Amino acid sequence: IPTKTVNCYANPSCSPTLINYLTNCAGLFTGQPYGCSLGCVSSYNAYIKNDPASVNCSCGKDSSCIAAQGPVTKCIMSGPVTPPPPQTCADAIMGCGNNATCGSIVLSYLSACNKVFYSGAACTNDCKNRLDEAIDALPALKECICAGNATCIEAQTNIQKACFGLTPAPRPTCDSITLPCSQKPQCYSILQDYINSCDRVFRSGNVNDCTQSCLDNLKSLTLMMPTYEKCTCSQGDATCSMYQKNIQKGCFGVDMTMPSPTTARPTSQRPTPQRSTPSSKAAKVTAVALVSFFVAVFCFLF
């Protein structure tokens, strides 16, 4: 790192700011796209207040220091870079479909990786090549949000596992996600809108009870809290599991024959509503669900 750190490390008032700087700017040092974050810039400014001599220090022959100095200087001069807001996969694909080239590339990817989506089959060279091309054409595919669709989530999980060797992270409980949300007015308001607009489909699982308002509020909630998408009901919470299965069946045509994570109804930890609330999803992808997923994608593209 481009600083004289010895004296700072030995100084109890300086050392914490140096450590924060190195931690919060780690992405910048390794070349990550959004490494120049607000946290990185703030940590750097706090550090140089404690160690102003570091601003004009020389790296000498330290190759790591030299490699980091350029990105740090550029970041501080130009200011933090904010990553784009998350996007739903459906919106990303629909936008791509407005461009003939992009639509063709993504369609080829969906076709080549069909078996991986459905059963988690091995990732063939053709699938991996088409996936790389699709991500180049539509970068949002890497981190898009499924907005409540268990079929989409299962497809994402299978691709990540088969093509990138990524092991899915343990799913958090829905309650553990909604508790922090309930402490933030904006998040809590969106959560309550979702609960109220989806109340009927939670209880019935009927397609006629899944309103556009319910889908819109679920989308808003998952965009605000992406981890909400993959939460699981607490053990023994039968009500949560029932709501989870019903919203998948009523809104996405997915028959969750095996109760597991997704769109359940996490308990609101605030004094106001005392009932359980839905959360996110996970499910066994059935042939019918997969076909409906591809039909939807084809509709988006053409």
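These numbers were taken from a predicted model, which means no experiment stands behind them.
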Would D209 and R203 pass as an ion pair if we require N to O under 4.0 Å?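 R203 and D209: not salt-bridged.
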Do the side-chain sulfurs (SG) of C174 and C233 come closer than 2.5 Å?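 No disulfide here.
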Cys pair C102/C96: SG distance under 2.5 Å? yes
Any side-chain heavy-atom pair of [X] and [Y] under 4.5 Å:
X	Y	value
Y243	V201	no
F29	C25	yes
L215	C251	yes

With a 3.5 Å cut-off and no angle check, do the side chains of [X] and [Y] form a donor-acceptor pair?
X	Y	answer
Y47	D51	yes
Q212	D216	yes
N20	S43	no
D175	T173	no

Interatomic distance, CD@Q160 vs CG@L131, rounded to 0.5 Å, equals 10.0 Å
For [X] against [Y], the heavy-atom pair lying closest together:
X	Y	answer
Q156	C144	NE2-O, 3.1 Å
N45	I48	O-CG1, 3.4 Å
L191	C181	CB-SG, 4.1 Å

Could you walk me through whether C123 and C163 pass the disulfide bond (SG atoms under 2.5 Å apart) check? CA-CA 5 Å; C123 184; C163 296; 2.1 Å; yes
If hydrophobic clusters are built by linking Ile, Leu, Val, Met, Phe, Trp and Tyr wherever their side-chain heavy atoms come under 4.5 Å apart, do [X] and [Y] end up in the same one?
X	Y	answer
I105	I159	no
M225	L223	no
L110	F164	yes
L22	L38	no
M94	I145	no

Is a side-chain N or O of S15 found less than 3.5 angstrom from the main chain of P12, in a donor-acceptor match?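 Flag not set: sc S15 to bb P12 has no pair under 3.5 Å.
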As a quick check of understanding, evaluate salt bridge (Lys or Arg N to Asp or Glu O under 4.0 Å) for K245 and D255, giving each step before the final call. CA-CA 7 Å; K245 289 188 288 184; D255 185 5; over 6 Å; no
So C127 and C113, disulfide bond (SG atoms under 2.5 Å apart) or not? Walk me through it. CA-CA 5 Å; C127 172; C113 298; 2.0 Å; yes
